[in-house]
2 protein chains.
Amino acid sequence: MDEKRKAPKLRDTATVVPLPRKPGAALTITDVAEFAGVSKKTVSRVLNREPMKAATRAKVEAAIETLGFVPNVQARALAFRKNFVIVLFIHDSTSPMAMKFQRGVLSAIADSELALAVRPVDRESPDLLADIETFLGRQKPMGAIFLPPLSERDDIGEMCQRLNVRYVRVGSAPLDMMSRSVWSNDRDVVTAVVRDIVARGHRRIGFVRGPSGFRSAREREAGFRQALQAAGLPVDEALMVDGHYSFESGVSAGAALLDAPHPPTVIFASNDSMAAGVTRAAHQRGLSLPRDLSIVGFDDNPVAQQIWPSLTTVHWPIAEMGALAARKLVPDMLLGAGEDAADLPSMVESTIIPRESLGDAKQGKSE
Amino acid sequence: MDEKRKAPKLRDTATVVPLPRKPGAALTITDVAEFAGVSKKTVSRVLNREPMKAATRAKVEAAIETLGFVPNVQARALAFRKNFVIVLFIHDSTSPMAMKFQRGVLSAIADSELALAVRPVDRESPDLLADIETFLGRQKPMGAIFLPPLSERDDIGEMCQRLNVRYVRVGSAPLDMMSRSVWSNDRDVVTAVVRDIVARGHRRIGFVRGPSGFRSAREREAGFRQALQAAGLPVDEALMVDGHYSFESGVSAGAALLDAPHPPTVIFASNDSMAAGVTRAAHQRGLSLPRDLSIVGFDDNPVAQQIWPSLTTVHWPIAEMGALAARKLVPDMLLGAGEDAADLPSMVESTIIPRESLGDAKQGKSE
DNA sequence: CAAAAAATAGACACCGGTATCTTTTTGGCG
DNA sequence: CGCCAAAAAGATACCGGTGTCTATTTTTTG
């Protein structure tokens with residue numbers, strides 16, 4: 001190869017370039033182009049998998065490999081006007097469910113160029129919308145995912161549309177267009193759980209509600225009521241008490257139900273934290289579980305396996321929902337060749353996990 | 001047309017610019033400069049809080065406010081050669097402790113321009129170092145935080161220094177220079193815990209180890225041994241069993257200890273998950289807690305309060321460590337005016353949380 | 001009050017990629 | 001073999017900020 005010394009128009013002909021690139025300095029696309037004997041643009045084409053002649057592509061790829069070149073995401077983000085980031089907006093960053101969801105998202109993007117940014121926001125704040133808008137404006141992410149209870153606000157979705165930001169809302173019911181939502185069949189699975197409970201002979205079933213501001217709480221309660229009606233059992237409002245999805249509220253709710261004149265033989269709590277609280281209330285009263293009282297929860301959070309007795313619960317596939325949400329959000333980067341975004345489901349099935357805390361109703365007590 | 005079509009270098013002079021900026025398009029620093037009647041650079045100075053005349057600053061700030069300008073982080077990142085991001089490298093994204101740590105980091109950066117990127121990596125992978133290097137090369141973050149067990153590898157620290165990336169290593173002992181590490185006094189607090197246990201009359205103390213690959217496990221064991229010696233008690237290797245920091249390993253360890261000929265009257269587990277496992281093993285054997293067996297854990301993870309009986313444990317202030325790590329990593333952005341990075345502590349104190357699972361040794365059994 | 005010194009503002013190149021448009025190469029076909 | 005269309009590669013503007021160096025104030029001082 002006889003290199004033809006073209007007149008180097010480059011600005012740095014004799015002023016800056018002379019020093020042979022500091023070892024620590026970042027490699028750029030220009031270095032790769034020079035090494036491969038092609039232009040910047042050609043390297044860029046390779047990076048973006050644009051159609052091109054196989055021989056040229058191979059040459060460039062070899063150069064990238066040899067030099068150990070890693071493209072600069074900031075520069076790409078600037079040129080593309082899009083950051084290679086997914087933002088996850090959460091309300092309560094302590095929730096184990098939010099963490100599981102996050103893990104699902106991370107697993108979906110693990111092999112891609114995407115990064116995940118987590119942004120906790122305060123649902124109560126009057127500046128909520130403005131905060132989200134600022135964050136989106138700053139980050140210009142590929143998309144945003146909203147977890148409950150944020151996902152239940154239609155104004156957030158509308159804002160994203162106005163800002164032209166892709167988003168997915170996650171919840172316990174369809175909250176938006178199919179392509180923008182991922183949900184689980186909370187209502188139906190609760191109905192099935194209660195059917196199982198009734199099949200074991202229970203007739204007095206306590207229910208601990210979640211906070212009414214959460215769609216999941218309302219769905220689970222609706223499923224409970226439906227199941228009772230289907231089973232021909234009366235809906236006894238005295239057996240339904242309020243909770244806030246917290247362990248402490250579960251303890252109080254359990255106390256209220258167990259100290260009542262006619263306590264239930266089984267208590268369904270709308271999430272596992274509250275079920276753990278009910279379990280504590282039962283232990284405090286010296287009850288033997290599940291002989292004296294059965295308890296059922298929802299979520300399948302880590303506590304469910306670790307308490308005594310282990311909790312019969314509904315496995316809420318939140319990690320799977322996280323992966324699904326990510327794939328729906330950025331299908332062009334996360335789907336394989338044969339996959340089509342339109343084929344991705346929007347609903348995932350929760351399943352019942354039988355463990356120790358649900359037993360048969362005592363013979364004497366039933367009816 | 002007498003336009004010279006051979007060399008239309010300034011093609012946009014009269015063709016593109018005229019249109020008055022599409023409403024949806026992003027505002028730039030140029031718009032602000034024009035509005036305020038100053039130059040780009042002056043606006044940049046305001047954004048970067050460089051010293052300047054108060055009147056000019058006020059004028060520019062008013063313009064920013066009026067226009068609702070939000071600077072483009074990608075462009076800044078490109079120009080600065082630094083991304084406004086902190087990366088958190090974790091090995092096990094399911095660990096509740098990692099999640100608490102993450103929350104601490106998020107709270108520290110909540111009001112700043114920083115974002116947090118979470119990157120799970122596989123400690124076992126032979127490509128671990130390369131993976132981290134690639135991620136750092138791509139993201140060019142302000143800094144990186146490593147959690148155990150990643151933080152215990154010196155080669156990762158060396159790599160960061162080579163790449164000129166700031167980092168903080170988090171652990172249960174000083175792992176690096178003060179300015180690059182945050183640690184807790186695991187050994188000392190375990191010693192204190194065992195002193196309390198002994199003070200309650202216990203003489204046969206079981207110990208469940210953590211995985212030997214974790215520095216925290218080794219420190220906690222060292223603290224345990226020290227305390228026994230200080231109390232003049234023999235170190236009975238038969239009362240020390242292995243665990244892997246998992247619930248299941250706690251169940252096995254508990255079973256091994258309780259089924260032995262001379263079971264201990266109290267078991268100290270090196271973390272709460274294993275303590276919960278021991279608790280389960282005890283329940284399975286029909287023991288009444290803490291009458292027949294006391295149990296003590298370490299971490300104060302969410303399960304500790306929710307199991308029965310609630311677990312006496314060591315509160316490992318991991319969220320606080322997260323906030324501290326972030327502040328040490330990027331002090332210039334996260335510290336207030338009066339604060340100095342040199343004043344930030346490196347060690348945080350763990351504290352003992354008395355709950356229900358530690359009781360006095362039975363009269364008959366002691367000695 | 002003028003000159004010198006210091007502080008502030010502005011012009012322009014630059015960060016490392018992508019987009020557009022132009023030039024060169026390739027390939028099909030009479 | 002030559003012509004022309006189509007495909008590939010190249011040159012250069014551009015994304016939206018920051019850094020440097022120069023021009024202009026403003027302040028200080030004799």
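The chains referred to below are lettered A, B, ... by the order of the sequence lines, with proteins before strands, and numbering in each begins at 1.
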Applying side chain to side chain donor-acceptor pair (under 3.5 Å) to B:Ser346 and not counting sequence neighbours gives B:Lys328
Sequence neighbours excluded, the answer for side chain to side chain donor-acceptor pair (under 3.5 Å) partners of B:Asn83 is B:Gln139
A:Lys140 NZ to D:dG17 P, in whole Å, measures 8 Å
In whole angstroms, the gap separating C1' of D:dA11 from CD1 of A:Ile29 amounts to 14 Å
Ordered by number, residues from residues 58-84 of chain A within less than 4.0 Å of DNA chain D (heavy atoms) are A:Leu78, A:Ala79, A:Arg81
Under a 4.0 Å heavy-atom cutoff, the residues of residues 40-55 of chain B touching DNA chain D are B:Lys40, B:Lys41, B:Ser44, B:Asn48
Next item on the list: With heavy atoms under 4.0 Å as the rule, sort B:Thr56 into base, sugar-phosphate or nothing.
Entry: sugar-phosphate
Only pairs under 3.5 Å count here: list side-chain donor-acceptor contacts from residues 104-117 of chain A, not counting sequence neighbours, and write none if there are none.
residue: A:Ser107; atom: OG; partner: A:Gly104; partner atom: O; Å: 2.8
residue: A:Ser112; atom: OG; partner: A:Ile109; partner atom: O; Å: 2.9
residue: A:Ser112; atom: OG; partner: A:Leu114; partner atom: N; Å: 3.0
residue: A:Glu113; atom: OE1; partner: A:Arg76; partner atom: NH1; Å: 2.9

Quick note, ring pair (Phe, Tyr, Trp, His ring centres under 6.0 Å) partners involving residues 49-76 of chain A, not counting sequence neighbours, are none
Residue pairs passing the ring pair (Phe, Tyr, Trp, His ring centres under 6.0 Å) test with at least one member in residues 35-66 of chain B, sequence neighbours excluded, are none
Among residues at least two apart in sequence or on other chains, which ones pass salt bridge (Lys or Arg N to Asp or Glu O under 4.0 Å) with [X]?
{"X": "A:Arg166", "value": "none"}
{"X": "A:Asp122", "value": "none"}
{"X": "B:Asp155", "value": "B:Arg153"}

For B:Leu334 and B:Ala326 the tightest heavy-atom approach is CD1-O, 3.3 Å
Donor-acceptor contacts, no H, no angles, side chain residues 52-65 of chain B, under 3.5 Å, sequence neighbours left out:
residue: B:Arg57; atom: NH2; partner: B:Glu50; partner atom: O; Å: 2.9

Double-helix bend of the helix from C:dC1-D:dG30 to C:dG30-D:dC1, axes at both ends from 5 pairs, round to 10°, gives 40°
Query - B:Thr28 side-chain N/O to D:dG16 phosphate OP1/OP2 under 4.0 Å - result: no
